[in-house]
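Both counts, for ligands and for their atoms, begin at 1 and track the order of listing.
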Amino acid sequence: MKIIYRTNFIPETKDIIELFNHSGYFPIADKNDTARITKMFHNSNIIITAWHEDVLVGIARSLCDFSYCCYLSDLCVRDTVKKNGIGKELIRLTKEMAGKECKLLLHSSSTAIDFYRKIGMQQIDTVFIIQRDY
Ligand SMILES: CC(C)(COP(=O)(O)OP(=O)(O)OC[C@H]1O[C@@H](n2cnc3c(N)ncnc32)[C@H](O)[C@@H]1OP(=O)(O)O)[C@@H](O)C(=O)NCCC(=O)NCCS
């Protein structure tokens with residue numbers, strides 16, 4: 001399967017939503033809040049997308065300072081192409097863009113924990129969080 005990866009290209013919000021709906025992942029509760037999703041992407045500075053025959057099949061969206069830390073906020077792969085190495089490659093490209101000085105951090109969903117372990121990420125228990133209101 002030939003997958004094309006694009007860097008810092010922001011897909012149309014409707015295509016992002018369509019991917020979320022076919023990946024078992026939706027970052028916000030209100031799936032109709034297109035303005036919020038648009039804002040999430042336009043205020044991020046590392047966006048890697050994966051494409052198969054012009055169809056958006058994967059996204060990694062991160063916020064990064066390129067000198068110390070990079071927070072990977074959203075990662076998802078379309079159901080039909082899962083287990084083809086796309087998720088792992090999206091993370092590899094994100095870390096490559098962030099640079100050697102950056103640590104890559106993320107908050108895993110319960111179903112993705114074994115994936116992150118599998119690709120060799122370190123799981124730590126010293127992370128703290130102030131949850132968003134909604
Ligand atoms: C988690 C997710 C991004 C993985 O993407 P993917 O493209 O299927 O993963 P890859 O093909 O790169 O997998 C890399 C390795 O992890 C394994 N793997 C993939 N998903 C796994 C899972 N959920 N549990 C355990 N192992 C998993 C693969 O089999 C592969 O192993 P291998 O190297 O021995 O072949 C994808 O399943 C997804 O979009 N899930 C729903 C959204 C989600 O939970 N995102 C994370 C939010 S924090």
For [atom], the protein heavy atom that lies nearest, with its residue and separation:
atom: atom 38 (C) of ligand 1; result: K82 CE, 3.4 Å
atom: atom 39 (O) of ligand 1; result: V77 N, 2.8 Å
atom: atom 41 (C) of ligand 1; result: S23 O, 3.2 Å
atom: atom 35 (O) of ligand 1; result: K118 NZ, 4.7 Å
atom: atom 29 (O) of ligand 1; result: K83 CD, 3.3 Å

Please classify the [X] to ligand 1 contact at 4.0 Å (heavy-atom distances, strictly less than): side chain, backbone, both or neither.
X: N84; answer: backbone
X: E89; answer: neither
X: F20; answer: neither

Under-4.0 Å heavy-atom contact between protein and atom 18 (N) of ligand 1: yes
Atom 44 (O) of ligand 1 within contact range, any protein heavy atom under 4.0 Å: yes
Close-contact set for ligand 1 against S109 heavy atoms, below 4.0 Å: 44 (O), 47 (C), 48 (S)
Between T34 and T13: side-chain donor-acceptor atoms closer than 3.5 Å: no
Pick from F115, Y116, F26, Y25: the one approaching atom 22 (C) of ligand 1 most closely through a non-hydrogen atom: F115
